[in-house]
Protein chains: 2
Amino acid sequence: MADDDMRTRILDAAEQRAREGGYHGFSFREVAADVGIKSASVHYHFPTKTALATALAERYTERSLEVIGTPETPLQAFDRVSELFRHSAAVERKMCLCGLFGAERDGLPPEVAKATQSYFTRLIAAIQAPSVRGEAPFHAETILSTLEGALLVARAIHDLSVFDRVVTDLRRAYENQKRPT
Amino acid sequence: MADDDMRTRILDAAEQRAREGGYHGFSFREVAADVGIKSASVHYHFPTKTALATALAERYTERSLEVIGTPETPLQAFDRVSELFRHSAAVERKMCLCGLFGAERDGLPPEVAKATQSYFTRLIAAIQAPSVRGEAPFHAETILSTLEGALLVARAIHDLSVFDRVVTDLRRAYENQKRPT
DNA sequence: AATTATCTACCTATCGATAGGCAGATTTGA
DNA sequence: TCAAATCTGCCTATCGATAGGTAGATAATT
């Protein structure tokens, strides 16, 4: 039921906080209070805020890649990533962690910025993979950008139906479109 | 040549800072130092950080709407907004202010969140306007979401060519696509 | 006994914000 | 016309709160 590992519980709490206010929007004290320890004890598990945020981005990346898996067609890749972001919007009701970090890029410690960059490059690679056999109508960057933007905009105007309309628009174009180049 | 009005200079400096680190990523002291006054003097022009950030979002919205103007066709609307975001990516080399604020939504003072929401609803309305006569292939939300996401992703992976590829993908789909419903 | 995990207690730096003052320009009123 | 009053735009100094981070004692586990 409860998370056994304190390190995991810290990551969970920090992720929630970071997905609300971004890197500068959460603190060791808040996270510590969330998990029921003192802020000094958080430093035992993660020596610096940079280390904590980097671990956050890396775990988030791995989890996202697991959801995407190894799709066999471009359309299947599209649907997997759509579902990943739809879950973020409708179930977790939170921004994408690395989307938020990416927006804050210039205000991030370099190590966190690098981990954030990896999230995007690795997801793009995973989305692009099935296109090796068979052309895809859109670049992998286009899929990811659109979903990241749809999540951001839908949340900003407090209307999750925006997300679904954007996905519908893009998917229709994706199916109708023939080879791009 | 130089900005006469201190209020304007404060807004300019704060906008640069906010577009780097977000709402929690800039401070009165930094902004004050940028314009050559003391942080206490910034409070003379903007009583609270909420007031400053709200003014920032409102000014950003007005300026964006001026760039978009009143396009006469859906495709013209698309191109105007594309150019707005391309300028942000390639010339200013900064994230969209309200895109960043939107990502941080849950960590924002309510007044700032509302001003951010207005940015998106008003831009969507401006993009949608020419569609009253003549169908548009995509919803206005799709245009805005995709560009916001493309800006975010391109910056996150330090590759501005991503932005252009996404815009090219979307524009091709936009031209090829026939009436959606 | 040694390792692991958490504690108390504290540090320095910075945060947003307030109080009160002061020089200079502007307005007001006799 | 000239002096009193007010306003503008900044200043210094300081507030309480909070930030990330550290040292060393203590408790728990093996």
Side-chain angles (χ1 to χ4, degrees), chain A residues 2-57 97 100-101 104 106-113 115-116, chain B residues 2-57 97 100-101 104 106-113 115-116:
Chain A
D3 299 313
D4 353 308
D5 188 6
M6 180 56 77
R7 184 190 158 91
T8 302
R9 290 176 58 200
I10 290 170
L11 285 170
D12 289 343
E15 180 177 315
Q16 292 305 310
R17 294 274 183 182
R19 288 173 75 179
E20 290 171 4
Y23 179 81
H24 298 288
F26 78 99
S27 69
F28 273 53
R29 279 172 177 74
E30 288 173 340
V31 171
D34 288 343
V35 301
I37 61 175
K38 297 295 174 182
S39 75
S41 304
V42 179
H43 285 278
Y44 173 78
H45 299 276
F46 302 95
T48 62
K49 191 175 185 182
T50 297
L52 173 55
T54 302
L56 238 36
L97 175 75
L100 217 171
F101 280 176
E104 298 183 293
D106 293 335
L108 251 37
E111 199 176 334
V112 181
T116 303
Chain B
D3 299 314
D4 353 309
D5 189 5
M6 180 55 78
R7 183 190 159 90
T8 301
R9 290 177 59 199
I10 291 171
L11 285 171
D12 289 344
E15 180 176 314
Q16 293 305 311
R17 294 275 183 181
R19 288 173 76 179
E20 290 172 4
Y23 179 81
H24 298 288
F26 78 98
S27 70
F28 274 54
R29 279 171 180 75
E30 289 172 340
V31 171
D34 287 343
V35 301
I37 62 175
K38 297 296 173 181
S39 76
S41 304
V42 179
H43 284 279
Y44 172 79
H45 298 277
F46 301 95
T48 63
K49 192 177 185 182
T50 297
L52 173 55
T54 302
L56 237 37
L97 175 75
L100 217 170
F101 279 176
E104 298 183 291
D106 293 336
L108 251 35
E111 198 176 334
V112 181
T116 303

Between the protein and nucleotides 9-13 of chain D, which nitrogen or oxygen pairs come in under 3.5 angstrom?
residue, atom, partner, partner atom, Å
D:dG9, OP2, B:Tyr44, OH, 3.2
D:dC10, OP2, B:His45, NE2, 2.6
D:dC11, OP2, B:Lys38, N, 2.7
D:dC11, OP2, B:Ser41, OG, 2.7

Contacts of type side-chain contact (heavy atoms from CB on, under 4.5 Å), residue B:His24, not counting sequence neighbours: A:His24, B:Glu104
Set of side-chain contact (heavy atoms from CB on, under 4.5 Å) partners for B:Ala32, sequence neighbours left out: B:Ile37, B:Ser39, B:Val42
Non-hydrogen atoms of A:Gly22 and A:Phe101 that approach each other most closely: C-CE2, 4.3 Å
Closest non-hydrogen atom pair, B:Ala13 against B:Val31: CB-CG1, 4.2 Å
Going by atom type alone, with no hydrogens or angles, which donor-acceptor pairs under 3.5 Å involve a side-chain atom of residues 45-57 of chain A and a protein atom two or more places apart or on another chain?
residue, atom, partner, partner atom, Å
A:Thr48, OG1, A:Ala51, N, 3.0
A:Lys49, NZ, A:Tyr23, O, 2.7
A:Lys49, NZ, A:Phe26, O, 2.8
A:Thr54, OG1, A:Thr50, O, 2.7

Spacing of A:Lys49 atom NZ relative to C:dT14 atom C1', expressed in whole Å: 13 Å
Length of the line joining A:His43:NE2 and C:dA9:C1', which is rounded to integer Å: 14 Å
Within residues 17-34 of chain A, residues whose heavy atoms come under 4.0 Å of DNA chain C: none
Contact list for residues 25-38 of chain A, test side-chain hydrogen bond (donor to acceptor under 3.5 Å, both in side chains), sequence neighbours left out: A:Arg17-A:Asp34
Atom pair CZ (B:Arg7) and CG (B:Asp12), whose distance is rounded to the nearest 0.5 Å: 11.5 Å
Approximate separation, where rounding is to 0.5 Å, of B:Leu97 CG and B:Gln16 CD: 10.0 Å
